[in-house]
Amino acid sequence: MKKRLQLFLWAVVLLIGGWSGLAMAVEEVRTLRGAVPLDGADQAPEASKWMPDSHGLPRNYLQQPPLVPHQIDGYKIDLRQNKCLTCHSWAKAKETRATKISLTHFRNRFGAELSDVSPQRYFCTQCHVPQKDAKPLVDNTFKPVDSL
Ligand code: HEC
Ligand code: HEC
């Protein structure tokens with residue numbers, strides 16, 4: 001009896017495994033590596049350059065974090081230092097002529113106003129990204145409801 005139960009359980013496991021394998025094959029996973037096998041050597045992607053520094057880039061939708069209009073190579077953000085804030089903090093902005101970080105960046109997730117930048121907003125490049133003139137990797141048909 002015990003053996004039959006064991007056999008039955010194995011059959012169930014194999015069936016489920018088989019089905020999920022089939023489902024994956026049907027979906028056809030498309031990765032950025034394309035058809036290159038995992039252990040094969042892919043061609044290095046073409047190196048593209050950062051866009052030259054400019055004065056602010058247009059936003060595509062209302063809530064968009066403004067794009068970074070300058071290069072940020074070597075600008076470190078870690079526990080001890082935040083290079084962005086050395087120009088963008090309220091204390092430094094006047095002298096560096098950088099845009100002050102928005103007031104929303106002092107608000108924590110409970111809505112409390114802090115006297116320094118909120119931990120939620122500390123890692124600037126989570127939201128603000130520099131630009132390259134590169135082809136999009138995937139198509140994007142996003143259209144803002146309220147265009148600017
Ligand atoms: C050496 C000073 C300096 C540093 C460091 C710096 N910035 Fe800037 N940033 C500027 C200046 C100046 C401008 C304004 C450019 C202009 O409009 O003329 C600017 C503009 C921007 C803007 C556009 C603001 C807008 O309203 O369009 C964003 C976003 C930004 N920086 C993000 C960052 C981030 C993120 C970092 C760190 C990775 C960073 N910056 C580091 C000086 C700096
Ligand atoms: C969680 C996403 C997020 C993070 C992290 C973040 N920002 Fe922003 N930032 C935004 C959004 C969204 C806006 C536009 C709306 C607003 O002003 O809050 C903005 C606006 C700004 C502006 C323009 C302010 C203005 O008056 O036009 C600057 C400059 C800026 N951020 C710099 C920074 C810097 C520097 C950091 C890191 C210390 C940072 N941000 C971290 C989302 C973020």
Side-chain angles (χ1 to χ4, degrees), residues 9-148:
L9 285 178
W10 268 116
V12 170
V13 168
L14 286 178
L15 209 71
I16 293 174
W19 266 111
S20 53
L22 199 71
M24 268 165 76
V26 170
E27 253 180 45
E28 209 183 294
V29 183
R30 262 182 55 207
T31 70
L32 294 180
R33 284 179 69 80
V36 182
L38 257 188
D39 53 357
D42 198 357
Q43 246 183 349
E46 221 177 286
S48 51
K49 287 193 186 132
W50 294 110
M51 265 167 57
D53 291 1
S54 69
H55 299 285
L57 298 160
R59 297 189 206 188
N60 296 311
Y61 59 99
L62 213 60
Q63 298 85 354
Q64 181 182 346
L67 299 167
V68 184
H70 55 71
Q71 304 186 30
I72 61 164
D73 277 351
Y75 288 2
K76 271 198 187 154
I77 308 175
D78 59 30
L79 254 184
R80 281 183 215 93
Q81 56 190 323
N82 185 322
K83 179 72 180 171
C84 315
L85 288 174
T86 62
C87 289
H88 285 279
S89 69
W90 281 52
K92 295 281 168 58
K94 203 164 191 183
E95 152 197 346
T96 60
R97 298 195 179 186
T99 329
K100 287 196 292 260
I101 53 170
S102 154
L103 266 181
T104 59
H105 292 30
F106 294 89
R107 203 173 296 142
N108 72 6
R109 68 169 126 156
F110 305 111
E113 300 289 349
L114 312 178
S115 57
D116 204 350
V117 63
S118 161
Q120 264 192 310
R121 305 282 194 159
Y122 186 78
F123 294 100
C124 320
T125 45
Q126 229 178 301
C127 304
H128 299 284
V129 286
Q131 297 299 293
K132 278 187 171 182
D133 186 17
K135 268 189 273 163
L137 293 170
V138 288
D139 288 338
N140 185 350
T141 54
F142 171 79
K143 282 207 175 60
V145 179
D146 227 352
S147 52
L148 300 174

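Remember, it's 1-based here, ligands and their atoms both numbered in the order they're listed. Any value given below was found using the heavy atoms of this structure, including those in side chains, with hydrogens, waters and symmetry copies removed.
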Metal site atom 8 (Fe) of ligand 2: N/O/S of H128 inside 2.8 Å: yes
Per-atom contacts of ligand 2 with I101, taking only distances under 4.0 Å to non-hydrogen atoms: 32 (C), 33 (C), 34 (C), 35 (C)
Side-chain donor/acceptor of H128 to backbone N/O of P66, under 3.5 Å: yes
Among G56, C84, P66, closest by any non-hydrogen atom to atom 13 (C) of ligand 2: P66
N, O or S from C124 under 2.8 Å to atom 8 (Fe) of ligand 2: no
Numbered atoms and elements of ligand 2 in range of T99, under 4.0 angstrom, heavy atoms: 25 (C), 29 (C)
Aromatic plane relationship, Y61 with F142 - under 30° parallel, 30 to 60° tilted, over 60° perpendicular: perpendicular
Minimal non-hydrogen separation, I101 against F106, with atom names: CD1-CZ, 3.7 Å
Contact partition for H105 relative to ligand 2, non-hydrogen atoms under 4.0 Å: side chain
Contact summary for G56 and P69, nearest pair of heavy atoms: N-CB, 3.4 Å
Within reach of ligand 2, part of T104 (heavy-atom separation under 4.0 Å): side chain
Within reach of ligand 2, part of L85 (heavy-atom separation under 4.0 Å): side chain
Plane angle bin for Y75 and H70 - parallel if under 30°, tilted between 30 and 60°, otherwise perpendicular: tilted
Option whose closest heavy atom lies nearest to atom 41 (C) of ligand 2, chosen from Q120, Q126, R121: R121
H88 NE2 and H70 NE2 subtending at atom 8 (Fe) of ligand 1 (10° steps): 180°
Atoms in ligand 2 with a heavy atom of F123 nearer than 4.0 Å: 5 (C)
Options C87, C127, P69, P65, ranked by nearest heavy atom to atom 2 (C) of ligand 1, top entry: C87
Heavy atom of L57, distance to ligand 1 below 4.0 Å: no
Atom indices of ligand 2 within 4.0 angstrom of Y122 heavy atoms, with elements: 37 (C), 38 (C)
Heteroatom distance test (H55, ligand 1): nitrogen or oxygen, under 3.5 angstrom: yes
K100: numbered ligand 2 atoms lying under 4.0 Å from its heavy atoms: 24 (C), 29 (C)
Mode of R59 contact toward ligand 2 - side chain, backbone, both, neither (heavy atoms, under 4.0 Å): side chain
